[in-house]
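What you see is a predicted model, and the numbers here were worked out from it, not measured in a lab. Below, all heavy atoms of this structure are taken into account, side chains as well, without hydrogens, waters or symmetry copies. Residue numbers start at 1 and run along the sequence shown.
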Amino acid sequence: MIERPEMTTAVAPSAPLTAEDRCDRCGAQAYLRVELATGGELLFCAHHAREHGDALKEIAVTVHDETHRLTDKPAPVAD
């Protein structure tokens with residue numbers, strides 16, 4: 001009998017989006033990453049993420065959404 005390694009279906013967490021990640025539609029800062037079954041990914045600003053949201057949900061394997069960063073208030077810093 002041949003022993004085979006155990007297969008895992010765990011998915012590595014997506015890296016946080018940075019200011020260098022740009023929207024594929026307009027070039028603005030990306031706040032949404034859509035990973036596709038083909039292995040590719042699409043990046044969108046908040047505006048285009050909302051505009052294409054329904055279509056993206058149909059083709060996405062995973063969605064990494066950081067649009068909350070647009071409304072989060074930074075914590076106060078002690079002097």
Side-chain angles (χ1 to χ4, degrees):
M1 182 168 132
I2 299 174
E3 196 170 314
R4 296 177 192 237
E6 187 175 319
M7 190 168 181
T8 180
T9 57
V11 177
S14 294
L17 293 165
T18 69
E20 293 181 6
D21 293 310
R22 309 313 286 181
C23 176
D24 290 328
R25 296 287 294 167
C26 69
Q29 184 172 347
Y31 289 94
L32 187 96
R33 176 188 295 117
V34 178
E35 296 176 8
L36 307 172
T38 59
E41 69 178 19
L42 298 170
L43 300 174
F44 291 97
C45 64
H47 165 80
H48 285 112
R50 284 188 301 271
E51 183 177 328
H52 301 291
D54 292 337
L56 293 173
K57 288 176 188 172
E58 294 177 14
I59 63 168
V61 172
T62 60
V63 175
H64 181 84
D65 186 346
E66 294 186 12
T67 55
H68 61 87
R69 292 175 38 207
L70 294 167
T71 56
D72 285 351
K73 294 183 181 176
V77 178
D79 290 331

Distance, nearest 0.5 Å, that separates [atom1] of [X] from [atom2] of [Y]:
X   : Y   : atom1 : atom2 : result
E66 : T18 : CD    : OG1   : 9.0 Å
H64 : T67 : NE2   : OG1   : 10.5 Å
C26 : H47 : SG    : NE2   : 7.0 Å

Please report the closest heavy-atom contact between [X] and [Y], naming both atoms and the distance.
X   : Y   : value
A28 : C45 : CB-CB, 4.0 Å
E41 : D24 : O-OD2, 4.2 Å
L17 : R69 : O-NH1, 3.2 Å
C23 : H48 : SG-ND1, 3.7 Å

Legend entry - ILVMFWY cluster membership beyond I59 - transitive side-chain contacts under 4.5 angstrom: L32, V34, L36, L42, F44, L56, V63
Legend entry - Remaining members of the apolar cluster that contains V61, side-chain heavy atoms under 4.5 Å: none
Inset, instruction - State which residues pass side-chain contact (heavy atoms from CB on, under 4.5 Å) with R22; sequence neighbours excluded, sorted by chain then number. - result: Q29
